[in-house]
**Student:** 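Dropping a structure here in structure tokens format, bear with me for questions.
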Amino acid sequence: MPMLEEQLKGLKKTFDKYAGKDGDKGSLSKAELANLFHEEIPEMAGDKKQLDQFFASLDGDKDGKVSFPEFVQFAATLMLLYSAF
């Protein structure tokens, strides 16, 4: 499998791994997002206040959950930040 295809599938697989614990497989709750951060990107986990602020910034439509498109926007932004260093 080409590297880019593998990475794209990995992004969806990571989302799916953490989404749905609350019954909605199409989104991440705040608790699910916190778990994803603690497991996958521990240096970004932060404290509760930081997580609340970060969740609010990711939740573009303010529906109280992070959808896959919102998660992809986060991943793209994170990629840009990592590539700047």
Side-chain angles (χ1 to χ4, degrees):
M1 176 182 320
M3 186 185 309
L4 181 57
E5 182 180 359
E6 187 176 319
Q7 297 301 318
L8 293 171
K9 287 182 178 184
L11 186 62
K12 179 67 170 134
K13 186 176 179 179
T14 300
F15 180 86
D16 290 346
K17 177 180 175 181
Y18 294 94
K21 306 260 191 285
D22 66 354
D24 182 358
K25 293 181 185 240
S27 66
L28 294 166
S29 67
K30 193 180 296 184
E32 291 166 340
L33 186 67
N35 190 29
L36 185 151
F37 281 164
H38 287 291
E39 296 293 321
E40 303 290 336
I41 333 170
E43 62 272 10
M44 289 189 64
D47 62 20
K48 183 177 178 349
K49 182 179 177 184
Q50 290 172 318
L51 179 63
D52 288 346
Q53 291 171 337
F54 194 68
F55 185 86
S57 71
L58 284 179
D59 183 15
D61 59 6
K62 306 301 179 212
D63 65 352
K65 48 192 170 177
V66 174
S67 65
F68 185 66
E70 291 167 334
F71 180 73
V72 169
Q73 288 177 340
F74 154 71
T77 301
L78 190 60
M79 179 62 81
L80 289 171
L81 292 173
Y82 272 117
S83 67
F85 294 102

**Student:** Taking the side chain as every heavy atom from C-beta outward, state whether Phe71 and Leu11 have any pair of such atoms under 4.5 Å apart.
**Tutor:**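 Side-chain contact under 4.5 Å: yes.
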**Student:** To the closest 0.5 Å, what do you measure between CD (Glu70) and CZ (Phe55)?
**Tutor:** 8.0 Å
**Student:** I want to check something: taking the side chain as every heavy atom from C-beta on, are Leu28 and Leu58 in contact at a cut-off of under 4.5 Å?
**Tutor:** no
**Student:** To the nearest 0.5 Å, tell me how far Phe54 CZ sits from Asp59 CG.
**Tutor:** 12.0 Å
**Student:** Going by the rule side-chain contact (heavy atoms from CB on, under 4.5 Å), which residues pair with Leu8 if we only count those two or more places apart in sequence or in a different chain?
**Tutor:**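 Leu8 satisfies side-chain contact (heavy atoms from CB on, under 4.5 Å) with Leu4 once adjacent residues are dropped.
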**Student:** Applying side-chain contact (heavy atoms from CB on, under 4.5 Å), can you list everything that pairs with Met1, at least two apart in sequence or on another chain?
**Tutor:** Glu5, Glu6, Lys9
**Student:** Compare every heavy atom of Ala19 with every heavy atom of Ser27, then report the nearest pair and how far apart it is.
**Tutor:** O-CB, 3.2 Å
**Student:** Centroid separation under 6.0 Å, is that true for the rings of Tyr18 and Phe68?
**Tutor:** no
**Student:** Are Phe15 and Ile41 co-members of a hydrophobic cluster defined by side-chain heavy atoms under 4.5 Å apart?
**Tutor:**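 Yes: a chain of side-chain contacts under 4.5 Å links Ile41 to Phe15.
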**Student:** Take atom NZ of Lys49 as the centre, draw a 6.0 Å sphere, and report whether it contains more than 12 heavy atoms from other residues, nucleotides or ligands.
**Tutor:**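 Atom NZ in Lys49 is not crowded, with 12 or fewer foreign heavy atoms closer than 6.0 Å.
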**Student:** Give every residue pair that meets the salt bridge (Lys or Arg N to Asp or Glu O under 4.0 Å) criterion with at least one member in residues 14-35, sequence neighbours excluded.
**Tutor:**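 Output for this query lists Lys12-Asp16, Lys17-Glu40, Asp24-Lys65, Lys30-Asp52.
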